[in-house]
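Below is one structure, written out as structure tokens; the observations come after it.
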Amino acid sequence: MSKTISHPFLDGRPKRLLIGGEWIEAASGETFDVFNPSTGEVIATVARGGAEDIDRAVAAARAAFEGPWSEWKPFDRQTLMLKIADAIEREFDDLGRLETLDMGAPVARTSLFKRWMLQTLRYYAAQAVSIKGEVLENSVPGSFFSYTVKDPVGVVGGIIPWNGPLITQLWSICPTLATGCTLVLKPAEEAPLSALRLAEIMMEAGLPAGVINIVPGPGHTAGAALAAHPDVDKIAFTGSTATGRKIVEASASNMKTVAVELGGKSPDIVFDDADLDIAIPGAAMACFNNTGQVCYAGTRLFVQRGIHDAFVERLGAFAKTLRVGDATDPQTQLGPLASQAQLDRVNGYLAIAESEGARIVSGGGRPAGAAEGGYYVEPTVVADVSNSMRIAREEIFGPVVSVIPFDTEADAIALANDTDYGLGGGLWTSDVGRAHRVSRKIRTGMVWINCYGVTDPSIPYGSAKMSGYGVKGGPGHIEEYLYKKTVWLRTG
Ligand code: ADP
């Protein structure tokens with residue numbers, strides 16, 4: 001256990017599972033260690049949930065769904081959500097720092113999550129009192145009244161990755177609470193702590209037992225058991241495309257509905273008429289933000305040939321200015337990668353890049369002065385990449401941007417769409433006609449023009465192709481936690 005970290009949640013006591021309002025050991029009695037990516041030190045030990053724990057959690061979620069929670073009025077659920085938001089507002093500094101220690105996102109980044117979390121909870125709280133059905137005229141002979149109501153789908157399984165759990169978990173917690181569903185949340189083993197602490201905060205704010213259950217554990221046991229569970233009505237999954245496919249297959253067992261937000265290899269296009277003073281830092285951070293561990297990161301950077309060489313040089317110079325270091329240092333712009341496995345993966349791809357004939361222009365190594373046990377890699381610009389190379393086709397999930405030249409607008413569109421994925425996309429231009437034209441042609445869930453990665457809870461966040469389906473945020477998200485029921489009444 002780390003001697004150097006001081007955090008009220010990291011008190012040396014093993015962290016447990018939250019099932020039915022009780023903090024309990026895993027049925028197996030097993031635990032796993034959580035590491036601080038900035039130093040490699042163990043900071044906590046957590047109960048390792050497995051299939052039996054998932055069974056218990058689903059039973060608790062079902063009991064809560066059918067119990068007093070089902071009598072809570074929209075206003076009651078809204079009030080609870082607003083109380084949770086107020087509690088997060090008070091507790092955020094410790095919560096944000098826990099995320100930093102858990103997965104290595106710099107405090108400069110996690111501190112921005114406060115506004116985002118509060119806005120998300122309060123936006124969905126507003127939606128809790130806005131659920132409505134319709135009265136529909138029918139033409140059945142006689143006298144019949146027909147209308148629809150929206151009911152909660154039931155028990156939801158939330159499976160989230162490690163790259164930003166504080167945010168990702170709210171994408172299932174908020175619609176669950178707004179609609180009256182219940183939730184079994186399985187955080188990733190690499191970063192389970194913020195979910196456990198947030199659950200404590202929610203319980204203190206009045207969350208009833210069993211409405212939200214937290215079972216950290218391995219994907220192939222706890223995750224797989226949740227995805228296949230016959231008493232789970234819906235899975236909300238965020239993670240890799242390979243695992244997403246398994247989730248969809250497992251859902252067939254009881255026809256549960258599924259929302260899957262998966263990987264990406266997002267294109268970012270810089271035209272020669274772009275304002276480069278904005279486009280260079282913008283395109284760099286489109287990829288390097290969160291040390292590249294963002295599903296919609298702009299990792300394939302298409303640059304028009306006339307400006308390509310100068311652009312690459314300036315991009316490389318910009319990358320060198322970024323301060324990489326311990327995530328708890330307020331000056332740090334890029335923290336470590338989240339785990340040793342992720343560091344090995346990124347280094348593996350850098351070797352592949354060189355073996356494929358690409359050229360590392362900037363970065364590619366371990367930053368000078370980086371703490372020995374931490375999982376650090378420099379932000380890396382790779383040039384002489386072609387769109388068919390593995391580094392341009394496979395998701396690396398690290399701070400590695402591949403620069404690819406193009407000639408015409410049509411070429412840029414074709415290259416951008418030549419990928420299995422369809423999550424994010426960006427373009428930089430000062431021609432407004434081109435901006436609209438190209439944005440319509442790029443087949444992705446989101447396109448950013450002269451900016452990248454802007455999100456807001458009230459604006460939908462979706463995906464296309466093998467980046468998945470289902471939408472987060474915006475007015476449509478809670479619809480996925482509701483089902484429409486038609487009611488017929490003979491009136492005469
Ligand atoms: P990554 O490679 O980024 O860790 P994964 O898709 O493997 O992405 O992980 C995302 C989440 O899915 C994690 O919580 C992980 O434990 C879980 N997971 C992994 N494998 C499975 C599986 N077979 N079934 C259900 N969940 C899984």
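Heavy atoms only: backbone and side chains are in, while hydrogens, waters and symmetry mates are out. Nothing fancy with the numbering, it's 1 onward along the sequence. Counting starts at 1 for both ligands and their atoms, in listed order.
For W162 and F397, the ring centers are positioned less than 6.0 Å apart.
Seen from the ring of Y481, K234 counts as a face-on cation partner, given the 6.0 Å and 45° thresholds. With a 6.0 Å cutoff to the six-membered ring centre and a 45° limit on the axis angle, K186 does not count as a cation-pi contact of F237.
Between Y296 and Y452, the ring planes lie tilted relative to each other; the angle falls in the 30° to 60° range.
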**OP:** Decide side-chain hydrogen bond (donor to acceptor under 3.5 Å, both in side chains) for H477 and Y461; before the verdict, give the C-alpha distance in whole Å, the side-chain angles of both, and the deciding distance to 0.1 Å.
**Re:** CA-CA 9 Å; H477 190 192; Y461 174 115; over 6 Å; no

Could you tell me, for ligand 1, which of its N or O atoms are under 3.5 Å from any protein N or O, listing the pairs and their distances rounded to 0.1 Å?
residue: ligand 1; atom: 4 (O); partner: W162; partner atom: NE1; Å: 3.1
residue: ligand 1; atom: 6 (O); partner: S240; partner atom: N; Å: 2.8
residue: ligand 1; atom: 6 (O); partner: S240; partner atom: OG; Å: 2.8
residue: ligand 1; atom: 6 (O); partner: T243; partner atom: OG1; Å: 3.1
residue: ligand 1; atom: 7 (O); partner: T243; partner atom: OG1; Å: 3.3
residue: ligand 1; atom: 14 (O); partner: I160; partner atom: O; Å: 2.7
residue: ligand 1; atom: 14 (O); partner: K186; partner atom: NZ; Å: 3.1
residue: ligand 1; atom: 16 (O); partner: K186; partner atom: NZ; Å: 2.9
residue: ligand 1; atom: 16 (O); partner: G219; partner atom: N; Å: 3.3
residue: ligand 1; atom: 24 (N); partner: A224; partner atom: N; Å: 3.4

What pairs of donor and acceptor atoms, side-chain ones from residues 55-65 against any protein atom, are under 3.5 angstrom apart with sequence neighbours left out?
residue: D55; atom: OD1; partner: H229; partner atom: NE2; Å: 2.8
residue: R56; atom: NH2; partner: E25; partner atom: O; Å: 3.3
residue: R56; atom: NH2; partner: D53; partner atom: OD1; Å: 2.6
residue: R62; atom: NE; partner: D231; partner atom: OD1; Å: 3.3
residue: R62; atom: NE; partner: D231; partner atom: OD2; Å: 3.1
residue: R62; atom: NH2; partner: D231; partner atom: O; Å: 2.9
residue: R62; atom: NH2; partner: D231; partner atom: OD1; Å: 3.2
residue: R62; atom: NH2; partner: D233; partner atom: OD2; Å: 2.8

